[in-house]
Amino acid sequence: MVIKSAVVPVAGYGTRLLPATKSQPKEMLPVARKPIVQYVVEELVSNGIQQILFVTGRSKASIENHFDHDPELFRALQEANKQDMLKEVDFEDLKANFFYTRQPHQKGLGDAVLHGENFAGEEPFLVALGDSILGLNAVSRAVSRMVEVFDSKRASCVIAVEEVPAQETRHYGIVQPEEAADGVFRIVNLVEKPLPGEAPSNLAIAGRYIFSPVIFDMIRRVEPDRRGEIQLTNAIQLMCDEGRRVMAVKLSPEEKRYDIGNFPSYFESFVEFALADPEYGEGFRKVLERLVAKSAVTA
Ligand code: UTP
């Protein structure tokens, strides 16, 4: 089986990153050289995705512009013979078709995914969060493994999961494996942000999902939470409750998820990607060491 379509929700307010996100999408914040959402798209295309629907909202137009061809910039760089810089925009030629739809009210991730119903049609599809990068420089085969599992296990849903420290489970959606969890396993339950003692595992949902179209009916059955949001996790829980096969694929340590939803994680991701930069990484490491030594002296 091949899964060619992905829904990428990018309509959230990004309130945890204010003021940076007041008038620009958090998904466009740079991590080292590229905006977050470019890493996401490159990862999806390298895993066989050919059409991408962005679920956008107000003040998200720069995402659409970013993936559009810019003839004036192209001409200016060509006339100035700036071949190096032309290479920096060759992602415009990525072999993917882009589609856009708007989520008029930010009513949660479940509601955002529901906006992909016409796009997905009768086919299974991927959901990739627009603020989460998998792997340093988005090098990850996780989505391909998920497609494989979706097919071979005849699943209704496959979720990428990653190990998180036991004391941090309250920040994540945590899954309950049916049996001992190795690389691929069945999920029987999901718990949103459990306290460490109450978490059924330390395996967190990690921003990539494959769904059969049955997910749309499940989302419609979910009641809004007290903030008025439709949680995607609750729709997946309904799938588990009905005995549908919900599988997990564990990310390898190299496929670490960079969740850019809050400042500590954004800072860390930026530094890690900048340190890995082939041109500037080494110089940046020296600067960082100097800054760290200086702040240790003044502290
Ligand atoms: P988050 O919950 O991390 O995004 O959703 P948020 O709502 O923007 O964050 P805060 O809490 O205000 O800081 C994960 C992904 O789902 C999208 C977001 O854009 C993000 O890429 N999302 C979230 C939507 O598209 N619509 C929504 O209603 C909520």
Side-chain angles (χ1 to χ4, degrees), residues 7-44 52-68 70 73 88-89 91-92 98 100-109 111-113 115 127-138 162 164 168 170-173 193 204-208 227-229 231-232 256-277 279-281 283-285 287-288 291-292 294-295:
V7 173
V8 180
V10 290
Y13 288 127
T15 50
R16 285 167 295 159
L17 293 177
L18 279 169
T21 49
K22 173 147 187 296
S23 61
Q24 66 172 334
K26 77 169 156 185
E27 297 81 4
M28 283 299 289
L29 293 177
V31 170
R33 292 193 185 211
K34 301 177 192 174
I36 297 157
V37 71
Q38 186 179 333
Y39 290 106
V40 175
V41 165
E42 288 174 352
E43 174 213 327
L44 301 190
I52 296 175
L53 173 74
F54 287 104
V55 181
T56 74
R58 279 180 300 285
S59 70
K60 300 278 181 170
S62 57
I63 296 176
E64 195 167 340
N65 293 339
H66 190 69
F67 291 104
D68 195 10
D70 185 339
L73 176 65
E88 296 301 336
V89 291
F91 69 90
E92 286 179 359
F98 297 102
Y100 300 87
T101 189
R102 279 201 176 196
Q103 182 189 24
H105 305 286
Q106 275 70 5
K107 290 196 293 187
L109 185 56
D111 180 68
V113 171
H115 281 73
V127 170
L129 300 193
D131 64 352
S132 291
I133 303 170
L134 291 197
L136 187 63
N137 288 321
E162 72 166 351
V164 295
E168 288 180 18
R170 66 179 181 284
H171 302 301
Y172 301 94
K193 304 190 171 63
I205 300 173
R208 301 289 180 273
R227 294 191 307 166
E229 294 194 352
Q231 297 298 343
L232 184 61
K256 170 179 163 182
R257 173 201 189 189
Y258 298 87
D259 167 13
I260 326 283
N262 56 71
F263 280 120
S265 159
Y266 176 52
F267 294 164
E268 186 180 333
S269 306
F270 196 107
V271 169
E272 201 173 333
F273 278 56
L275 284 171
D277 190 281
E279 193 178 350
Y280 300 113
F284 180 58
R285 182 181 309 279
V287 172
L288 209 55
L291 292 176
V292 169
K294 195 167 129 198
S295 71

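Values below: all heavy atoms of this structure, side chains included; hydrogens, waters and symmetry mates excluded. The first residue of the sequence shown is numbered 1, and numbering continues consecutively from there.
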### Task
Check step by step if side-chain contact (heavy atoms from CB on, under 4.5 Å) holds for I133 and I36.
CA-CA 7 Å; I133 303 170; I36 297 157; 4.0 Å; yes

### Task
Start with the C-alpha gap between D277 and R33, add the side-chain angles, then the distance that decides, and say whether side-chain contact (heavy atoms from CB on, under 4.5 Å) holds.
CA-CA 9 Å; D277 190 281; R33 292 193 185 211; 2.6 Å; yes

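- A salt bridge links E272 with K256; the closest basic N to acidic carboxylate O contact falls under 4.0 Å.
- Within the 4.5 Å cutoff, no side-chain heavy atoms of F54 are placed close to those of V7.
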### Query
Stepwise, does the side-chain contact (heavy atoms from CB on, under 4.5 Å) test hold for D111 with Q103?
CA-CA 8 Å; D111 180 68; Q103 182 189 24; 2.8 Å; yes

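- Contact record, P9 with A128: CD-O, 3.3 Å, taken as the closest heavy-atom pair.
- Annotation: side chain of E229 is not in contact with side chain of Q106 (no heavy-atom distance under 4.5 Å).
- Closest approach of H115 to R102, counting heavy atoms only: CD2-O, 3.4 Å.
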Tabulate below the donor-acceptor pairs under 3.5 Å that side-chain atoms of residues 24-32 make, not counting sequence neighbours, or state none.
residue: Q24; atom: NE2; partner: A20; partner atom: O; Å: 3.1
residue: K26; atom: NZ; partner: D131; partner atom: OD2; Å: 2.9
residue: E27; atom: OE1; partner: K60; partner atom: NZ; Å: 3.0

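- Taking the ring centroids of Y39 and F273, they lie under the 6.0 Å cut-off.
- Counting only distance, with no hydrogens or angles, the side chain of S132 and the backbone of L129 share no donor-acceptor pair below 3.5 Å.
- Annotation: the span from S265 atom OG to I260 atom CD1 amounts to 5.0 Å, rounded to 0.5 Å.
- Between L288 and V271 the shortest side-chain heavy-atom distance falls below 4.5 Å.
- Residues that satisfy the ring-ring contact (aromatic ring centres under 6.0 Å, His included) test with F263, not counting sequence neighbours, are F267.
- Rounding to the nearest 0.5 angstrom, the gap separating the CG atom in L44 from the CD atom in E42 is 10.0 Å.
- Considering CD of E43 and CZ of R208, their distance stands at 4.0 Å, rounded to 0.5 Å.
- Between V55 and the options T101, V127, V113, a side chain to side chain contact (heavy atoms under 4.5 Å, CB included) holds for only T101.
- One distance of note links CZ of F98 with NE2 of H66; it measures 9.0 Å at 0.5 Å rounding.
- A heavy-atom distance below 4.5 Å is not found between the side chains of T21 and T15.
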### Task
Show the numbers, then the answer: is there a side-chain contact (heavy atoms from CB on, under 4.5 Å) between F67 and V37?
CA-CA 10 Å; F67 291 104; V37 71; 3.9 Å; yes

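- Within 6.0 Å of atom CD in E268, 12 or fewer heavy atoms from other residues, nucleotides or ligands are found, so the atom counts as exposed in its surroundings.
- V8 places a side-chain heavy atom less than 4.5 Å from the side chain of V10.
- Taking the side chain as every heavy atom from C-beta outward, Y258 and L134 never approach each other to under 4.5 Å.
- Summarising the local packing, NE2 of H171 is surrounded by more than 12 heavy atoms from other residues, nucleotides or ligands at distances under 6.0 Å.
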